[in-house]
Amino acid sequence: MEKIFYITTPIYYVNDVPHIGSAYTTLAADILSRYVKMKGREVFFATGTDENAPKVAEAAKARGEDPASFCERMAEEFKKAWSGLGISFDAFIRTTEKHHAEVVKYLVQELKEKGWIYEGYYNGWYCIYDETYFREEEVERGLCPNPECQRPLQQVSERGYYFKLSAFEEPLLSFLRESNSVLPDFRQREVLNFVLGGLRDIYITRKKKDWGIPFPGDEKLQVYVWVDALINYLTVAGFLQDEELFTSLWPPDVQFMGKDILVRFHATLWPAMLLALGLPLPNLLFGHGFLTVKGEKMSKSKGNVIHPLSAVEEIIRFSGCERAFAKDALRFYLFRSTPFGADGDFSYEALRACYNADLANNLGNLENRLTTMTDRYLNGEVPPPPENGYSQRAEELLANYQQAMDNLAFHSAIGDALSLLDMANKHLDKTAPWRLFKEGNIQAIRRSLGTAIELLRISAILLQPFLPSASSEILSRLGFSPPLLLKDAKWGAFTRQVEGVKIKKMAPIFPRMEEVIKISAQEKEISMDDFARVDLRVGKIISCKVVEGTEKLYQMEVDLGELGKRRTVAAIAPYYTPGELIGKSVIFVANLAPAKIRGLISEGMILAVDAPNNVIIVTPEKEAPPGSKVR
RNA sequence: GGCGGUGUAGCUCAGUGGUAGAGCACGCGGCUCAUAACCGCGGGGUCAAGGGUUCGAUACCCUUCGCCGCCA
């Protein structure tokens with residue numbers, strides 16, 4: 001039996017909601033998965049969530065939530081996000097699954113028995129916040145070396161266990177020197193340099209907490225989360241549970257990850273663990289780059305984090321395309337605009353440019369003009385592709401595409417597929433079926449459209465991994481039944497159509513995006529127009545009383561002059577008495593959509609300063625008549 | 001500090017020992033099947049700077065400067 005092609009993504013830390021970075025990795029895996037399936041091979045694509053870190057429990061407790069149900073909820077968030085992006089995985093592992101803990105304990109025990117784990121003392125520094133240990137030489141003035149942390153460290157000396165990573169330098173080097181063990185090649189060099197610099201044994205236990213996997217044979221300790229996390233790739237493949245599955249999967253064919261966890265973990269600790277266990281090593285580790293936003297690192301503090309699902313919403317909003325195609329557009333943009341492996345930049349401007357140029361003008365418009373002409377000139381009947389000079393060029397591009405895909409050069413594979421569309425557009429211009437129609441030359445029209453449609457058909461097949469829904473739609477509109485395989489992408493290889501199908505003009509799949517200004521408004525800055533939409537007015541509070549059954553809420557009536565009186569509810573009772581408020585002039589948001597608060601209608605909002613432990617009402621510096629505009 | 005990479009048209013990037021290319025953007029023209037689309041043409045670059053090798057370098061070597069990454 002042929003080995004099942006096994007693809008993994010890292011498991012994602014549940015403390016964070018799915019962001020564009022994790023989406024990027026998972027999309028890459030989905031793209032490869034679809035490509036391999038297109039080659040007719042069986043694929044197993046696994047992803048999941050990393051839930052055993054102590055911080056996860058802390059985060060849950062901070063929200064007053066039980067860690068288990070917190071993880072449950074977050075794991076669902078991830079699944080929802082992936083399906084919202086059109087990703088279809090074959091397995092989803094959560095490291096809090098019971099079976100995973102069994103696998104981890106079993107393997108740790110095995111490593112101990114084989115002598116790769118030994119007991120020892122850990123002397124050094126520990127950062128409570130980062131949950132990270134540091135060696136003496138890494139630390140200055142007792143502060144955390146992580147530039148974003150820099151908190152005081154604890155000096156620790158504790159008993160625990162080490163994994164003999166240092167024993168694997170030689171075998172690791174021979175693995176890492178293989179030509180395609182690590183990609184991109186520049187990262188392979190980084191990894192090699194790292195290992196050549198010498199490996200230290202790694203401390204693989206932590207003090208036991210009420211969250212995490214206990215260390216076998218020592219109740220006071222638990223397994224370091226990275227050891228636990230890496231083992232997920234074995235668990236999800238059926239290790240110790242489904243031997244048949246496991247033998248048909250192992251080792252992974254491609255393991256995807258961000259560059260940050262390639263060198264130390266996936267290209268070093270992970271293969272060393274496998275070597276120690278006597279298990280085959282992964283065929284390929286791929287460390288892709290990061291996405292920045294307008295050249296800046298994404299971070300919560302900068303407020304520029306892109307959430308993949310909201311990016312899909314934006315695409316829908318600005319183009320009006322269907323949701324399934326918006327999902328396609330996002331993944332297409334991500335892999336079209338940045339060579340896979342390198343760092344990339346995300347911006348809605350670039351997304352729009354890419355969407356319009358490639359998807360609307362090129363692909364979508366070509367499909368549209370071809371279906372229209374087939375409908376009008378040929379009564380909806382798709383002509384077969386004639387043999388001509390295009391077949392050879394199409395074959396060359398197909399070969400380039402395959403080579404690119406096999407090397408995970410998604411960027412250039414997309415380029416090859418798009419070249420076919422260019423050829424089709426040029427061909428139409430040269431042969432001008434609309435002129436042939438006026439001349440009544442139906443045979444020539446059949447040849448012309450037959451050629452262009454075949455180019456589009458092949459291109460749509462090649463684009464299936466990148467545009468799963470749109471490709472499928474295009475092929476269906478042309479009368480084929482997707483999904484088609486790579487072998488169908490040969491010139492004239494697949495002319496079979498759904499019986500008696502009539503091609504008709506349909507609504508554009510990718511309507512153009514026109515609204516540049518609105519898009520920029522989605523980013524950090526808002527335009528003057530956006531600000532002007534807020535109707536700020538001077539208002540005079542004319543009544544104020546506590547909302548029944550609450551301690552903090554006041555219900556007030558505000559006089560807005562020409563706009564009349566408005567009711568509003570505000571949580572300012574701890575800071576002002578009704579007497580202080582009645583008669584006061586305030587700044588009021590007059591065109592806020594009405595909301596119901598505690599069953600009471602609130603028809604606007606009073607502006608107030610959110611000061612530490614205080615709330616301060618904003619008032620005009622001098623008296624102004626109620627209803628005056630504020631700008 | 002060590003190692004690796006990179007600096008080419010407004011933007012994103014290809015590229016080769018023989019005096020530069022693509023896509024996007026921009027301008028003009030054509031066409032009308034099409035989503036102001038598509039097709040054609042065009043402007044625009046001392047290929048970071050300096051030196052060397054060579055008949056000849058953007059490409060090879062050295063130095064400097066800028067940026068990035070990995071490690072320490």
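Sequence lines set the chain letters: A, B, ... in the order given, protein chains first and strands last, and positions in each chain run from 1. Just so it is clear, the structure is predicted and the values come from calculations on it, not from any experiment.
Following rounding to the nearest Å, A/L262 (CG) and B/rG69 (P) show an atom-to-atom distance of 16 Å. Whole-Å rounding puts the A/D185 CG to B/rG69 C1' distance at 14 Å. Atom CH2 in A/W434 sits about 13 Å away from atom P in B/rC38, given to the nearest Å. One atom, CG of A/D429, and another, P of B/rG40, lie 7 Å apart when rounded to the nearest Å. Atom P of nucleotide B/rC71 and atom CG of A/D260 are separated by 10 Å, given to the nearest angstrom. Rounded to whole angstrom, the span from the CZ atom of A/F290 across to the P atom of B/rC68 amounts to 16 Å. Atom CG in A/L192 sits roughly 16 Å away from atom P in B/rC70 (whole-Å rounding). One interatomic measurement links the two molecules: CG of A/N365 to P of B/rU35, which rounds to 7 Å at whole-angstrom precision.
Taking side-chain N and O atoms only, A/K505 has a distance below 4.0 Å to OP1 or OP2 of B/rU35.
Comparing the C1' positions of B/rC61 and B/rG23 gives an interatomic distance of 34 Å, to the nearest angstrom. Taking the C1' atoms as reference points, B/rA59 lies 7 Å from B/rG17, given to the whole Å. Comparing the C1' positions of B/rU35 and B/rG43 gives a spacing of 28 Å, expressed to the nearest Å. Atom name C1', nucleotides B/rC60 and B/rG2: the rounded distance is 25 Å, in whole Å. Comparing B/rU32 with B/rC24, their C1' atoms are spaced 25 Å from each other, to the whole Å. Nucleotides B/rU16 and B/rA72 have their C1' atoms positioned 38 Å apart, rounded to a whole Å. Atom name C1', nucleotides B/rA48 and B/rG7: the rounded distance is 6 Å, in whole Å. Taking the C1' atom of each, B/rG18 and B/rU58 are spaced 12 Å apart, rounded to whole Å.
A salt bridge links A/E473 with A/R477: the distance from a Lys NZ or Arg NE/NH1/NH2 to an Asp or Glu carboxylate oxygen falls below 4.0 Å. Between A/E381 and A/K502 there is no salt bridge, since no side-chain N of the basic residue sits under 4.0 Å from a carboxylate O of the acidic one.
Where A/P339 and A/K438 meet RNA chain B, the nucleotide closest to each residue was compared, and A/P339 sits on the side nearer the 5' end. When each of A/R187 and A/T372 is assigned the nucleotide of RNA chain B bearing its nearest heavy atom, the one mapping closer to the 5' terminus is A/T372.
Across all strands, A/P508 comes closer than 4.0 Å to base atoms (heavy-atom distances). Residue A/R376 is classed as a sugar-phosphate contact, given heavy-atom separations below 4.0 Å to backbone atoms only. Within the 4.0 angstrom heavy-atom criterion, no nucleotide atom of any strand lies near A/G197. As judged by a 4.0 angstrom heavy-atom cut-off over every strand, A/Y377 is placed among residues touching the sugar-phosphate backbone only.
Using bins of under 30°, 30° to 60° and over 60° for the plane-to-plane angle, the ring pair A/Y355/A/F510 lands in the perpendicular bin.
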Enumerate, atom names and distances included, each donor-acceptor pair closer than 3.5 Å involving a side-chain atom of residues 436-447 of chain A, sequence neighbours excluded.
unit_1: A/N441; atom_1: OD1; unit_2: A/A444; atom_2: N; d: 3.1

Just the atom pairs and distances: protein N or O near nucleotides 2-10 of chain B's N or O, under 3.5 Å.
unit_1: B/rC3; atom_1: O2'; unit_2: A/N193; atom_2: ND2; d: 3.0
unit_1: B/rG4; atom_1: O3'; unit_2: A/R189; atom_2: NH1; d: 3.4

Nucleotide N/O to protein N/O under 3.5 Å, stretch nucleotides 21-27 of chain B:
none

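Of all the residues in residues 404-420 of chain A, not one reaches under 4.0 Å from RNA chain B with any non-hydrogen atom.
In A/Q155, the CD atom is crowded: over 12 heavy atoms of neighbouring residues, nucleotides or ligands sit closer than 6.0 Å.
Counting only distance, with no hydrogens or angles, the side chain of A/S459 and the backbone of A/L455 share no donor-acceptor pair below 3.5 Å.
A salt bridge (charged side-chain N to carboxylate O under 4.0 Å, His left out) check over residues 324-343 of chain A, counting only residues at least two apart or in different chains, returns the pairs A/D30-A/R331, A/K259-A/D343, A/R336-A/D358. Sorted by first and then second residue, the pairs that involve residues 413-429 of chain A and meet side chain to side chain donor-acceptor pair (under 3.5 Å), not counting sequence neighbours, are A/N362-A/N425, A/R369-A/N425, A/Y390-A/H427. Listed by first and then second residue, the salt bridge (charged side-chain N to carboxylate O under 4.0 Å, His left out) pairs that reach into residues 185-197 of chain A are A/D185-A/R189, sequence neighbours excluded.
For A/R393, there are no salt bridge (charged side-chain N to carboxylate O under 4.0 Å, His left out) partners, not counting sequence neighbours. Remark: A/H411 engages A/P339 in a side-chain contact (heavy atoms from CB on, under 4.5 Å) (not counting sequence neighbours). By the side-chain contact (heavy atoms from CB on, under 4.5 Å) test, A/S337 is found to be paired with A/Y333, residues two or more places apart in sequence or in another chain being considered. Contacts of A/K505 classified as salt bridge (charged side-chain N to carboxylate O under 4.0 Å, His left out), with partners at least two apart in sequence or in another chain: none.
Looking at RNA chain B, the stems built from 3 or more consecutive Watson-Crick or G-U wobble pairs, each pair with its key distances under 3.5 Å, are B:1-7 with B:65-71, B:10-13 with B:21-24, B:26-30 with B:38-42, B:48-52 with B:60-64.
Of the candidates B/rC33, B/rC39, B/rC71, the closest approach to any side-chain atom of A/M373 belongs to B/rC33.
With no hydrogens or angles considered, no side-chain donor-acceptor pair links A/W491 and A/Q392 at under 3.5 Å.
Minimum heavy-atom separation, A/E367 to A/L456: CA-CD2, 3.8 Å.
Cation-pi geometry between A/R352 and A/F318 is not met at under 6.0 angstrom from the ring centre and within 45 degrees of the axis.
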